Structures are given as C-alpha cells and as structure tokens.
Amino acid sequence: MKAHSPKILVTQPTLPDLDRYKALLQEIWDNKWLTNNGAFHQEFEQKLADYLGVPYVSLFSNGTIALMVALKALNIQGEVITTPFTFIATSHSLLWNNNTPVFADVDPVYGNLSVTEAEKQITDKTTAIMPVHVYGNPVDVDGFEQLARKYNLKIIYDAAHAFGVQQNGKSILNYGDLSILSFHATKTFNTVEGGAIISHDLATKKQIDYLKNFGFENETSVITLGINGKMNELIAAFGLLQLEHIDSDIAKRQKIAELYRKTLSGIKGIRFLEDMPHVRHNYSYFPIFVEPDYPLTRDELYHKLKANNIFSRRYFYPLVSDFPMYQHLPTATRDNLPVAHTLAEQVICLPMYAELKKSEIDKICQLL
Ligand code: T4K
C-alpha cells in the first residue's frame, strides 16, 4: 500500500503520539494487568466523567454492546420508539433485546427524531424512546423529557455521535435515563473501538458494570444475565492519551466546518447544517443535502466525487427501516416516514476530520 494515498476519505482517525503510547504499553507489559477494571480503565473512566461533565461513566468495548446493555439495565420490554435515520446499530440493539422497534419520522432540518411524530406512535405497549443525536446535533431533549414524563416512558439516548456536545453549558449526556457513546475509529473521539454508558446514579452504574462483566457481583455470585462488554487496558491507555488532544481536534473540525459553509454558501441546491444556538458542537460529520434544484442528483454527485478520489459517504442511506429485518414492521412504510426518506435520498457526508487540509476542502468545494 502506498504511504500517501491521494484518496480523500470521509474520515481519518487522530492517533496519539506513538512514543507516549509505547511508554504506557511498557507499564502494561511490566504490570501484566491487561483487562478487568485495571488501573488505566479506572483512570480513563474518571477522566472521561470529568471531561464530559457527567456523574458516571461505564466503559465498553464498543457502542453497540453499550446500547444492548443500556436496554437490559433498564429492563426495557415491548415497543421502543426510535428513528430510522441512523446507523443500523441503534435498532439492532432493540431487536437483539427482543424489543419491537417503532419508527417515527424526523425533523426536516437536522434529521433528528421528532417529538410530535414520536408521540403519535405511543401505544399501551410503548416502554421507551431511543432518540439519536444524529451527526452530534442535540435532539429536542426538553420535548422528549416532557413526553417521557407524560406517558411514563424511559429514554435512552444514542449519543454515539455526541461526544463533548453541550447545550446551554451542560453536557447533552445528562438528559434522559441513560446515554451511550461510541469511540469507534471513525468518531470525533476514538479509542480504536470503544464505547460508554453515561448514568446518573451509583446504583445504576453498578448494575451496568455487573451487566458488562457477565453479571458478576463478586467472585462467586452472578446476580444478572450479563455479557462481556469490557474495555481492556491497552484501549483505556490509548483513550487517556486521546483525551489530551480532543479539544484541539474539535477546534480544527470547527474551522473546517466554517470553511465548508463559507465556500458552499453560494451553491444553489446544496443545503448544509448551521450550528444550533447555545450548543457546543463537536463537528463529527459534515452532511450536505442535495436538493432538487442542484444540477446533479445526489447519487450523480456522490459518484462524481468518487471518480475524483473523494470518498464521501451517504450516512444514513438506506434508512434502517428499509433493511430486510425491519421492512415488515407496520411503522417502516414510506408513508409513515416521508421526511426521513427525503433526507436519506439527499444526504452526502463530506470528508471531515481534524487533519483535513484546506487544499483538500478547496478541491471538494470546487467539484461541487
Ligand atoms: N449508534 C450510532 C448512531 C452509530 O453511528 C454507531 C456507529 C453506533 C451506534 C455503534 O457504535 P460502535 O459499535 O461502532 O462503537 C462506521 C463505524 O463502524 C460505526 O462505528 C459508525 N457508527 C458508522 C456511522 O460508521 P462504516 O461501515 O461506515 O465504517 P468504514 O469502515 O466504512 O469506515 C468509514 C471511513 O473511515 C473509511 O472510508 C475510512 C475511514 N477509516 C475507517 C476505519 C475503520 C479510517 O480511516 N480508519 C479506520 O480504522 O461504519
């Protein structure tokens, strides 16, 4: 493989300094403590809670297992209202737990689950709502809070994209019953693979920690049907170093988003998302929506970019509700999800990562 590929990919992970990582690996080699709540794991959990401004973090091997455990921790059974405009893991976690995903439509600007549309789907079998802060843009958390109170429902936020996002100076992860994060290589904050559940009281955190460790309470007692969702020491050490440059990464991403917006603002038929008021964004993605008055269709533009070595992605197309294991559901119809269908057919996520160069952004914008 060539060291410097001319390809521009949709994202590229930021990595820690290799020598510093080697020094932490040396400690692990010396101690021979590799996993199961080791010293790096404990330090990383605490530092993440401090950085994010949340009471309790439980680390996981990835975001999908975190979602599955979050549902178990709250003993969610029955119907769960969620968005089809997301990565497949959101609703897969529901099916894995034998819940029935119920799809509701999204708002036409940011593509987040709509409170009004969610309310229309509530039945006597509804037990929870699972909204997604898609692209890291906060959903209407106050609206969902009111809805949950009115109908006595739990809320689990899929905050896989929302690392470090704040609203009115408060972490978006402090809303709902639980929030989950993903630290996958493609995320703003990455630990290769990884994830977390954010909880708000110690009893729930303990329950989650039992669940991710087979249900062990102590050496001889298994108190719940657990799974293995643990993060290991090599990854926790990696994460500690990643935390040191996350603010500078977000600042670089912000500059990239501003440059994209400035350059693309004159192009008819290309819509992009503005920052929301009072929100600290993390600029995890840069989605554009190719509207009918643009001279090319979305797919023509996607292929044109590809032909020029720009590998954008159509996140999130197809809609989750169109995949085989969901399309039979009564709420998976196009009639029920008109806005989500339109957005899925218009979206292209342009390359976005901290080290993306101005010359590369210029090339992308020039092609557009
Ligand atoms: N909920 C939501 C809303 C999510 O978006 C996700 C994950 C989850 C839950 C579940 O969290 P995890 O269980 O994954 O922690 C990617 C990611 O695999 C996935 O984590 C992510 N969402 C989803 C939106 O995107 P793919 O299939 O698009 O990834 P892939 O391998 O095509 O990579 C995309 C681009 O990133 C490549 O073109 C190049 C670049 N890349 C990728 C990797 C893996 C690198 O430069 N280096 C790398 O190591 O799913």
Side-chain angles (χ1 to χ4, degrees), residues 1 3-16 58-71 80 82-97 101 106 110-113 130-139 156-163 165 172-173 178-198 212 227-231 235 238-239 242 249 282 284-287 302 305-306 309-320 323 340 343-344 347-356 360:
M1 198 187 283
H4 295 289
S5 161
K7 284 181 184 172
I8 307 175
L9 303 175
V10 68
T11 189
Q12 212 178 69
T14 314
L15 291 164
S58 298
L59 292 172
F60 276 82
S61 48
N62 61 62
T64 305
I65 302 274
L67 275 170
M68 288 160 55
V69 167
L71 287 159
V80 179
T82 190
T83 169
F85 191 60
T86 180
F87 188 59
I88 193 86
T90 312
S91 39
H92 271 5
S93 70
L94 295 170
L95 275 195
W96 266 88
N97 276 28
V106 300
Y110 289 94
N112 274 328
L113 185 65
M130 188 182 273
V132 179
H133 303 293
V134 73
Y135 309 129
N137 296 311
V139 304
I156 298 175
Y157 283 112
D158 181 340
H161 304 168
F163 187 93
V165 173
I172 204 70
L173 307 170
L178 298 173
S179 289
I180 77 95
L181 289 166
S182 163
F183 307 147
H184 183 260
T186 55
K187 297 293 188 286
T188 303
F189 177 82
N190 92 81
T191 62
V192 186
E193 293 269 3
I197 301 183
I198 310 305
K212 75 170 185 189
I227 196 167
N228 183 354
K230 291 167 288 158
M231 179 181 279
I235 294 297
F238 188 97
Q242 295 290 70
D249 280 3
N282 67 6
S284 51
Y285 295 86
F286 195 85
Y302 169 78
L305 291 170
K306 212 172 193 174
N309 256 344
I310 292 154
F311 290 80
S312 63
R313 291 294 287 267
R314 289 163 288 186
Y315 294 133
F316 290 100
Y317 167 84
L319 287 181
V320 166
F323 286 111
L343 295 183
V347 73
I348 293 183
C349 285
L350 296 180
M352 167 56 92
Y353 49 90
E355 299 311 324
L356 189 64
E360 293 171 325

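Note that the coordinates shown come from a computational prediction; the quantities given were computed from them, not determined experimentally. Ligands are counted one by one from 1 in listed order, and the atoms in each one are counted from 1 as well.
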Parallel, tilted or perpendicular: rings of [Y] and [X] (30°, 60°):
| X | Y | value |
| --- | --- | --- |
| Tyr285 | Tyr315 | perpendicular |
| Phe85 | Tyr135 | perpendicular |
| Phe183 | Phe163 | perpendicular |

Flag side-chain contact, heavy atom, 4.5 Å: [X] against [Y]:
| X | Y | result |
| --- | --- | --- |
| Pro138 | Val165 | yes |
| Thr188 | Asp249 | no |
| Phe323 | Ile88 | yes |
| Leu181 | Ile198 | yes |

Just checking, is any N or O donor in the side chain of His184 or Thr186 under 3.5 Å from an acceptor N or O on the other one? yes

Ligand-side contact atoms (ligand 1) for residue partner [X], heavy atom cut-off under 4.0 Å:
| X | value |
| --- | --- |
| Thr11 | 36 (O), 39 (C), 40 (C), 46 (O) |
| Pro13 | 45 (C), 46 (O), 47 (N) |
| Ala89 | 8 (C), 9 (C), 10 (C) |
| Val10 | 35 (C) |
| Gly194 | 15 (O) |
| Asn62 | 13 (O), 15 (O) |
| Tyr285 | 24 (C) |
| Leu9 | 39 (C) |

Please state which part of [X] comes within less than 4.0 Å of ligand 1, counting heavy atoms only: side chain, backbone, both or neither.
| X | result |
| --- | --- |
| Thr64 | both |
| Lys187 | side chain |
| Ile65 | neither |
| Thr86 | side chain |

Any chance you could lay out the side chain to side chain contact (heavy atoms under 4.5 Å, CB included) test for Tyr302 and Arg314, step after step, and finish with the verdict? CA-CA 8 Å; Tyr302 169 78; Arg314 289 163 288 186; 3.1 Å; yes

Report the C-alpha distance between Met130 and Ser91 in whole Å, list the side-chain angles of each, state the deciding distance to 0.1 Å, and finish with yes or no for side chain to side chain contact (heavy atoms under 4.5 Å, CB included). CA-CA 9 Å; Met130 188 182 273; Ser91 39; over 6 Å; no

Just to confirm my output: which protein heavy-atom neighbour is closest to [atom], and how far is it?
| atom | value |
| --- | --- |
| atom 5 (O) of ligand 1 | His161 NE2, 2.7 Å |
| atom 33 (O) of ligand 1 | Thr186 CG2, 3.7 Å |
| atom 48 (C) of ligand 1 | Ala185 CB, 4.0 Å |
| atom 9 (C) of ligand 1 | Asp158 OD2, 3.5 Å |

For atom 40 (C) of ligand 1, state whether the nearest protein heavy atom is under 4.0 Å away. yes

Do you see a protein non-hydrogen atom under 4.0 Å from atom 31 (O) of ligand 1? no

Taking N or O atoms only and a 3.5 Å limit, does Tyr315 qualify as a polar contact for ligand 1? yes

Looking at Phe60, I'd like to know if the NZ or CZ of Lys230 sits under 6.0 Å from its six-membered ring centre while staying within 45 degrees of the ring's axis. no

Among [options], closest by any non-hydrogen atom to [atom]:
| atom | options | answer |
| --- | --- | --- |
| atom 23 (C) of ligand 1 | Phe311, Phe87, Phe85 | Phe87 |
| atom 18 (O) of ligand 1 | Arg313, His184, His133, Arg314 | His184 |
| atom 11 (O) of ligand 1 | Ala162, Gly136, Ser182 | Ser182 |

What is the distance from atom CD1 of Ile348 to atom CZ of Arg313, rounded to the nearest 0.5 Å? 12.5 Å

Yes or no on side chain to side chain contact (heavy atoms under 4.5 Å, CB included) for Lys212 and Leu59, after CA distance, side-chain angles and deciding distance? CA-CA 9 Å; Lys212 75 170 185 189; Leu59 292 172; 4.3 Å; yes

